[in-house]
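Only one structure is covered here, and it is reproduced in the block below.
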Amino acid sequence: MPELPEVEVTRRGIEPWLVGQTVRRLVVRNANLRWPVPEVAGQIVGQTIRAVRRRAKYLLLDTDAGTTIVHLGMSGSLRILTRATPPAKHDHIDLELANGCVLRFNDPRRFGAWLWCELPEQAHPLLSKLGPEPLTEAFNPQYLQQALNGKSKAMKLCLMDNAIVVGVGNIYANEALFAAGIHPQTAGERVTVEQLLVLVAEIKAILAQAIEQGGTTLKDFVNADGKPGYFAQKLLVYGRGGQPCLHCGSLLSEIRLGQRSTVFCPTCQPAKASKAVSKPKNRPTD
DNA sequence: AATCGGGCCTGCACGC
DNA sequence: TGCGTGCAGGCCCGAT
C-alpha cells in the first residue's frame with residue numbers, strides 16, 4: 001500500500017523524467033477510478049510540466065494551465081516507460097510526453113484518482129483542509145498538542161486524521177504509537193506532552209527511514225516491474241498480532257479501530273499513562 | 001461540532 | 001482443482 005514514503009519515492013522517481021517535458025497525449029483507458037477521470041483532465045495536453053510535487057499522498061503535476069492531481073489509493077502505481085509497451089491489465093492511464101516517454105498509471109483496486117484543477121490547487125476541496133506535512137517543522141509537539149485539544153476519539157484515529165497530520169496511514173500509525181508507548185485507544189486529548197514529544201520524533205524518524213529505504217529502488221525505477229520497494233522494512237507491531245512483542249515479549253494484542261487492524265503491546269503501551277515505560281530500542285534497519 | 005460507519009474495488013489467503 | 005468467503009485499506013461523505 002502506498003503510504004507517504006512510497007508516494008515520495010514515486011515522486012522522486014518520476015520527477016526527472018517529467019519536468020520540462022511537453023505533454024503530447026493523455027490516454028484514459030478506464031476512467032472509473034475513485035472518481036471518474038474528468039474530461040478536463042485532457043487540458044494537460046500541450047502543456048509543459050513545470051514541477052512534480054507532493055502534498056500528503058497526492059502527487060501534483062504542475063503546468064501553466066493547471067495541475068493534475070494523482071492519488072495512488074490502495075494499489076496504484078506510476079511507471080516511466082522509455083519505449084513502447086503494450087498496456088497490461090489495470091493500466092488505466094498513459095501520459096505521453098513529446099520525448100516519447102510515457103507515464104503510466106496502474107491501479108487494480110481503482111481506489112486511486114486522476115484529477116485536474118485550475119490554479120491554485122490549494123483551493124481544491126481535496127487539498128484545502130489538509131494538516132501539516134509530518135516531515136516539516138510545522139509538525140511539532142506544540143502544534144500536535146493544540147490540534148488534539150478537545151479530541152475525545154482514539155489517538156490512533158487522530159494520527160490518521162488528515163486534518164491533524166497528513167500521510168500517516170494505518171501501518172505507520174501502529175508503529176509510531178508502539179514506538180512512543182501510547183495505547184492506541186487513548187483519547188487524543190489525554191496523551192501527555194512527554195508522549196507527544198516522543199511520538200512526533202518517532203513519526204518523523206520512521207517516515208524518513210522508509211523514504212531512505214525506498215530510495216534504493218530509485219535507480220531501477222524504469223525497470224520492468226517498476227515497483228518502489230521499501231516493503232523489506234521491518235515492522236515491529238503491524239501484522240504481528242498474537243506474536244511476542246520484540247521489546248518485552250508480551251503477546252501483541254490486535255483490535256479493530258475505525259474498521260482498521262490495530263496492533264499494540266499491552267505492556268509497552270499501557271491503557272493508563274505510565275512514567276515507567278521506556279521507548280523500544282534497536283529498531284531493526286536492514 | 002465531532003465522531004462513527006458505509007462504501008468503493010480487486011487480489012489473495014484461506015477452508016472445504 | 002475450484003469454488004466461495006473474508007479480509008485488506010485511504011478517504012470521502014452521510015448519518016448520528
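Numbers restart at 1 for each chain; the letters A, B, ... are given by sequence-line order, proteins then strands.
- Using a cutoff of 4.0 Å between basic side-chain nitrogens and carboxylate oxygens, Arg50(A) and Asp62(A) are not scored as salt-bridged.
- Taking atom CE of residue Met160(A) and atom C1' of nucleotide dA2(B), one finds them 18 Å apart after rounding to whole Å.
- Under 4.0 angstrom from either OP1 or OP2 of dG10(C) there lies no side-chain N or O belonging to His71(A).
- Not counting sequence neighbours, the partners of Ala41(A) by the side-chain contact (heavy atoms from CB on, under 4.5 Å) test are Leu26(A), Val37(A), Pro38(A), Trp114(A), Trp116(A).
- The side chain of Glu3(A) lies closest to dG10(C) when the candidates are dG10(C), dT10(B), dC12(C).
- A straight line from NE2 of His92(A) to C1' of dC8(B) spans 13 Å, rounded to a whole angstrom.
- Between the side chain of Arg260(A) and the backbone N or O of Arg256(A), no donor-acceptor pair lies under 3.5 Å.
- Asp94(A) has no carboxylate O lying under 4.0 Å from a charged side-chain N of Arg25(A), or vice versa, which leaves the two without a salt bridge.
- The distance from atom CZ of Arg24(A) to atom CD of Glu96(A), rounded to the nearest 0.5 Å, is 6.5 Å.
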Quick test: give all pairs of protein nitrogen or oxygen and nucleotides 3-6 of chain B nitrogen or oxygen below 3.5 Å, distance rounded to 0.1 Å.
| residue | atom | partner | partner atom | Å |
| --- | --- | --- | --- | --- |
| dT3(B) | OP1 | Ser152(A) | N | 2.8 |
| dT3(B) | OP1 | Ser152(A) | OG | 3.0 |
| dT3(B) | OP1 | Lys153(A) | N | 3.3 |

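- For Arg54(A) and dG10(C), the CZ to P distance is 16 Å, given to the nearest whole Å.
- With hydrogens and angles ignored, no donor-acceptor pair closer than 3.5 Å exists between the side chain of Arg110(A) and the base of dC8(B).
- The existence of a salt bridge linking Arg12(A) and Glu15(A) is excluded, since no basic side-chain nitrogen approaches an acidic carboxylate oxygen closer than 4.0 Å.
- Here the side chain of His90(A) is nearest to one of dG10(C), dG11(B), dC12(C), namely dG11(B).
- A donor-acceptor pair is defined here as one N or O able to donate and one able to accept, closer than 3.5 Å; no such pair exists between the side chain of Lys89(A) and the backbone of Pro108(A).
- Axis deviation across the helix from dA2(B)-dT16(C) to dC16(B)-dG2(C) amounts to 50°, comparing end segments of five pairs, rounded to 10 degrees.
- An OP1 or OP2 oxygen of dC13(C) is reached within less than 4.0 angstrom by no side-chain nitrogen or oxygen of Arg34(A).
- Separating the CG atom of Leu33(A) from the C1' atom of dG7(B) is a distance of 16 Å, rounded to the nearest angstrom.
- Between Arg79(A) and Asp91(A), none of the side-chain N atoms (NZ, or NE/NH1/NH2) sits under 4.0 Å from a carboxylate O, so this pair counts as no salt bridge.
- At least one donor-acceptor pair closer than 3.5 Å links the side chain of Arg104(A) to the backbone N or O of Thr85(A).
- Using a 4.0 Å cut-off, some side-chain N or O of Asn162(A) falls inside it from OP1 or OP2 of dC11(C).
- Per the geometry, CD1 belonging to Ile171(A) stands 7 Å off P belonging to dG10(C), to the nearest Å.
- Salt-bridge formation is detected for the pair Glu133(A)/Arg55(A): a Lys NZ or Arg NE/NH1/NH2 atom is positioned less than 4.0 Å from an Asp or Glu carboxylate oxygen.
- Rounded to a whole Å, the CG atom of Leu72(A) is 16 Å from the C1' atom of dC9(B).
- The nearest whole Å value for the distance from the CZ atom in Arg109(A) to the P atom in dA8(C) is 11 Å.
- If you take CG of Asp107(A) and P of dC11(C), they are 13 Å apart, rounded to a whole angstrom.
- In the set dC8(B), dC12(C), dT10(B), the nucleotide with an atom closest to the side chain of Phe111(A) is dC8(B).
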